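Residue numbers start from 1 in every chain, and the chains themselves are labelled A, B, ... in the order their sequence lines are given, proteins ahead of strands. Owing to the predicted nature of the structure, the values given are computational and were not obtained by experimental measurement.
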Amino acid sequence: MAPIGTLHYLVVAAALFILGVIGVLTRRNVVIILMSIELILNAVNLNLVAFSRLWGLHGQVFAIFVITDAAAEAAVGLGILIAFFRNKETVNVDEIDLLKW
Amino acid sequence: MLDYITSYLSSNTTPGQAGNVFWATVYILVVFGGISVAVMAMNWLERKALAHFQIRLGPMRVGPHGLLQPIADAIKLMTKEDIIPAEADKFVFWIAPLIILCASFAVYIVIPFGPTHAITDLNIGILFMLGVSSLSVLGIVMAGWASNSHYPLIGALRSSAQMVSYEVAMGMAVVSAVLMTSLHGLGPYGVGVGTSGTGTLSMIGIVQAQQEQHVWFLFKFFPLGFIAFGIFAIAMVAETNRAPFDLPEAESELTAGFHTEYSGLRWSLFMLGEYAAMIAVSSIAVTLWLGGWYRPFPNTLTGETWDLVFSLFPGLTFLGLAAIAFVGVRRMPKHPYFRVQTIGLAGFGAVLGLIGLILFVPPVRNRIQDIFWFVAKVAGFMYLYIWYRATFPRYRFDQLMKVGWKVLLPIGIGVLILTAILGVVL
Amino acid sequence: MQQAVQPGMQPVATTFFFYLLSGLTLLSGVFVIVRKNPVHSALALIFGLLAQAGLYLMLYAPFVAGVQIILYAGGIMVLFLFVIMLVNLERSQREEQFNKQWLVGLLAAIALGGLFIVVYVKGKNLFPYRIAQPVETNNTQQIGVMLYGQYMFAFEIASLLLLVAIIGAVVMAKKRI
C-alpha cells in the first residue's frame with residue numbers, strides 16, 4: 001500500500017462532496033437537505049486542511065472561517081424552516097410552492 | 001518486547017507522548033477502574049453526607065454504616081426489568097446513555113494526575129476537554145426525544161438549553177486562565193517582572209506555568225483569578241445538572257426529567273455519566289486554578305523540612321480514616337446480630353491503616369505525592385457538590401437562564417478583558 | 001515516496017487509521033442521505049463529523065480538529081436536533097422520501113464524480129507524496145498569530161456575520177405577538 005499522501009485525502013473529500021450533492025438534489029425533507037449542505041462544507045474543509053499541510057497554515061485558517069460561516073448559515077436556514085413550518089405544516093420542499101405558477 | 005515495556009519506566013513524559021501503547025493502555029485501565037470506584041464511593045458519600053446534613057443517619061443496614069450500599073444498588077439496578085416505551089425509537093433510546101458515557105469518560109485522557117501521570121498530553125488539552133464535554137448535550141437531547149413522552153422531552157430541552165448556556169460562561173473563565181499562562185509572574189499575587197513565556201493549552205503546561213510563576217492562578221492578579229474561578233465553579237455545577245441547577249432532573253418538578261423512562265441498568269449508566277462528568281469538570285477546575293498536583297504552598301513554604309511535613313500527609317490521611325473506622329467499631333452495638341458488621345468494619349479499618357502505613361515508606365511516599373494532592377483537591381470539590389445539594393434551594397428555569405447569560409457571561413468577559421489589560425500593563 | 005520522520009511523537013499505524021476514519025466518514029455520509037428518520041441522519045452526521053476531526057488530527061491540524069468538535073459536533077448539531085424535535089412530523093417519515101427528479105440528480109452527481117476522477121488522474125503529479133510534516137506543538141500559536149495579524153479583517157467580519165445571523169434567526173423564529 002502506498003503511504004498516505006495528499007491525494008488520498010482529496011479523494012475522500014471528493015466522495016463526501018458527491019454524497020452531499022446527491023443529498024441536496026434528491027431528498028424532499030428540508031432538514032436533511034440542510035445536513036447534506038453541511039456535508040458539502042465539510043468536504044471543502046477537508047480539502048483545505050489537506051492542502052494546508054503542503055502550503056502553510058492559510059488553509060487551516062480558512063477552514064476555521066468556513067466552520068464559522070457554516071454555523072451562521074445553519075442557524076439562519078433553520079430559522080427560515082421554523083418560520084415556514086408555522087405557516088404550512090410541512091417539511092417537504094416539494095410542497096413549498098406558494099409562488100410557483 | 002520486555003524492552004518496550006521497561007524502556008518507558010525511565011522516561012519523563014506521558015505514555016501518549018512517548019508513543020508507548022502498552023503503558024497508555026495500562027494507564028487507561030487504571031483510570032477507568034479508579035473512576036468506577038470513585039463513582040461508587042461518591043454515591044455512598046452523597047447519601048451519608050446528605051443524611052447527616054438533614055440530621056438523620058442514612059443507609060446503615062447494608063454494610064457497616066452502609067458501606068456496601070452502592071454494591072447493593074448496583075445489583076438491584078442490574079437485575080431490574082428493562083422497559084422501553086412503546087413507540088420509542090429503539091436505536092436512539094439505546095445509544096443515548098452511551099453517548100453521555102463516552103463523552104464524560106473521554107475527558108479523562110488529558111487529566112494530569114502528575115507531571116508524567118496523564119494518559120497523554122495533547123497540545124490542545126483544554127480545547128479538547130471543553131469540546132468533548134459539550135458532546136454530552138447531544139446524549140441528553142436524544143434521550144429526551146427517544147422516550148416519546150412529554151416529561152422527558154421538556155426535561156431534555158431545558159437541560160440542554162441550560163448546559164449550552166453555561167458552557168459559554170465556562171469558556172470565558174477557561175480563556176482567562178489560559179491567558180494567565182503567558183503573562184508575567186513572580187511576586188505577590190503573580191504580578192511583576194518574570195518570565196513571559198508563550199501561553200499553552202496543554203493541561204500539564206498550565207500547571208507547570210503555575211509552578212514557574214510561583215502562584216496559583218486562583219491568586220493571580222487578585223481578585224481576577226478568584227472571580228474567574230468563581231465563574232467556573234458555578235458554571236460547572238450548572239453544566240453537570242446538579243443542585244441548585246437541577247431543575248431538569250428534579251423529582252418534584254419533572255418526575256426525573258430526561259431519564260424518566262429509563263430503568264435499571266440504563267439509568268445507572270446515566271448516573272455513572274453524571275458523576276464522571278462531575279469529577280472531570282472538578283479536575284479541570286483544580287488543574288486550571290488550584291495548582292494541579294502541587295502540594296499546598298509550593299513556593300512560599302519551601303525547603304527540605306516542609307517537603308517532609310507535606311509528604312507525610314497521605315499516610316496521615318489514611319491513618320485518620322482508619323481511626324474513624326475504629327471509633328465506629330467501638331460504638332457498634334454489642335449484640336450478636338451486629339457481629340458480622342463489626343468484624344467487617346474492623347477489617348476495613350485495618351486495610352485503611354495498612355495502606356496508611358505503606359504510604360509512610362519513603363519510596364512510595366515520594367511517588368504518591370502528586371496523585372494524592374490532586375485527588376485530595378478533587379475530593380474537596382466533590383464534598384462541595386454534596387454540600388450545595390444539601391443547602392441551596394433550586395433555581396427556577398428562567399432564573400437559571402438569567403444567571404447564565406446576564407450575570408456570569410458579562411462578568412466573564414470583564415474578567416477576560418481586565419486580565420489581558422493587567423497582563424500587558426503590569 | 002518517503003515520509004519525513006517527526007522528532008518526538010511518531011505517528012502510529014497511519015494507514016489503518018486513515019482507512020478506518022475515512023471509511024467511517026463516508027459511511028456516515030451515506031447514512032445521512034439515506035435514512036428516513038431525520039434524527040438518525042443527524043446521529044450519522046455527528047459520527048461523521050467526529051471521524052473527520054480524527055482526519056484533521058492525522059493532518060497535523062489539532063486546532064481545527066478541536067474547533068470542529070466544539071462548534072460543529074457540539075454546537076451546530078445540537079441546533080439541528082432541537083429543530084428536528086420541533087418540526088418532527090410522523091407522517092413525513094411515511095411519505096415518499098426522494099423527490100421526482102432523483103434520477104436526474106443522481107446522474108448529475110455521477111457526472112461531477114467523473115469530472116473529479118478526470119482531474120485527479122490527470123493531475124496526479126501535482127499532489128506529491130512526500131509531505132513536509134509541519135511541527136504541531138505550536139500550531140495553535142501560529143494560527144493565533146495569523147488570525148490576529150494577517151486575517152484580522154476577516155476575523156472581525158466573521159464576528160459581525162455571527163451577530164447578523166443571531167439577530168436574523170431570533171427575528172424569524174420568534175412568535176408573532
Side-chain angles (χ1 to χ4, degrees), chain A residues 1-12 14-16 18-23 25-29 31-32 34-36 38-39 42 46 49-50 52-54 57-58 60-61 63-65 67-76 78-83 85 89-94, chain C residues 1 3 14-15 18 22 25-26 29-30 32-33 38 41-42 45 49 52 55-56 59-61 64 67-68 71-72 75-76 79-80 83-84 86-87 89 92 96-99 102 105-106 108-109 112-113 116 120 124 127 129 131 134 142-143 146-147 151 154 158 161-162 165 168-169 172-173:
Chain A
M1 269 203 192
I4 305 293
T6 317
L7 192 60
H8 290 81
Y9 290 101
L10 297 186
V11 167
V12 171
L16 260 183
I18 292 173
L19 283 174
V21 165
I22 293 179
L25 292 177
T26 51
R27 290 295 301 241
R28 282 176 87 204
N29 195 336
V31 186
I32 299 191
L34 284 171
M35 285 198 270
S36 310
E38 301 298 328
L39 270 183
N42 266 309
L46 188 55
V49 174
S52 94
R53 199 151 63 121
L54 290 172
L57 281 183
H58 303 270
Q60 293 180 21
V61 174
I64 294 176
F65 281 122
I67 294 179
T68 313
D69 281 337
E73 156 205 336
V76 171
L78 291 169
I80 294 178
L81 168 67
I82 293 182
F85 182 77
E89 293 260 326
T90 176
V91 286
N92 292 325
V93 281
D94 290 357
Chain C
M1 286 198 196
Q3 277 196 330
T14 316
T15 322
F18 170 75
S22 54
T25 316
L26 292 174
V30 169
V32 167
I33 61 178
S41 295
L45 187 56
L49 292 171
Q52 193 160 356
L55 279 176
Y56 288 153
L59 284 167
Y60 290 87
V64 183
V67 166
Q68 168 105 344
L71 283 189
Y72 241 126
I76 298 180
L79 180 63
F80 266 102
V83 172
I84 290 175
L86 281 175
V87 303
L89 292 177
S92 77
E96 179 68 36
Q97 290 299 314
F98 293 92
N99 58 20
W102 66 273
L106 197 58
L112 184 63
F116 277 134
Y120 287 152
K124 203 173 7 183
F127 313 127
Y129 273 110
I131 311 267
Q142 285 179 328
I143 289 186
M146 280 179 98
L147 267 181
Y151 293 102
L161 175 76
L162 285 174
M172 272 190 300

Heavy-atom contact with chain C under 4.5 Å, split by part of [X]:
X       : value
A:Asp94 : side chain
A:Ala14 : both
A:Leu46 : both
A:Val31 : both
A:Glu38 : both
A:Leu81 : side chain

Heavy-atom distance under 4.5 Å to chain A: side chain of [X], backbone, both or neither?
X        : result
C:Ile76  : side chain
C:Phe116 : side chain
C:Leu26  : both

Under 4.5 Å, counting heavy-atom pairs only, tell me which of [options] racks up the most with chain C.
options                            : answer
A:Ile82, A:Ile18, A:Val76          : A:Ile18
A:Ile80, A:Val93, A:Leu78          : A:Leu78
A:Ile67, A:Ile64, A:Asp69, A:Ile32 : A:Ile67

Got A:Arg28 and C:Phe98 here, is their nearest side-chain heavy-atom distance under 4.5 Å?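 Side chain of A:Arg28 against side chain of C:Phe98, heavy atoms only: no contact under 4.5 Å found.
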Could you check whether any side-chain heavy atom of C:Gln68 comes within less than 4.5 Å of a side-chain heavy atom of A:Val49, counting everything from C-beta outward?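 They are not in side-chain contact.
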Which atom pair, heavy atoms only, marks the closest approach of [X] to [Y]?
X        : Y       : answer
A:Val12  : C:Ser22 : CG2-CB, 3.6 Å
A:Phe85  : A:Thr90 : CD1-O, 3.8 Å
C:Leu162 : A:Ala72 : CD2-CB, 4.0 Å

At what distance, to the nearest 0.5 angstrom, does CG of C:Leu59 lie from CD of C:Gln52?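 It is 10.0 Å, given to the nearest 0.5 Å.
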Measuring from atom CD1 of C:Ile84 to atom CE of A:Met35, what distance do you get when rounded to the nearest 0.5 angstrom?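 One finds 4.5 Å between CD1 of C:Ile84 and CE of A:Met35.
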Out of C:Tyr72, C:Trp102, C:Tyr151, which one racks up the most heavy-atom pairs below 4.5 Å with chain A?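 Maximum pair count with chain A is reached by C:Tyr72.
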Run the ring pair (Phe, Tyr, Trp, His ring centres under 6.0 Å) test against A:Tyr9 and tell me which residues pass, sequence neighbours left out.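 Listed in chain order: C:Phe18.
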Excluding sequence neighbours, so at least two apart, what forms side-chain contact (heavy atoms from CB on, under 4.5 Å) with A:Leu57?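 Testing A:Leu57 for side-chain contact (heavy atoms from CB on, under 4.5 Å), a comparison that skips the adjacent residues, returns A:Gln60, C:Asn139, C:Gln142, C:Ile143, C:Met146.
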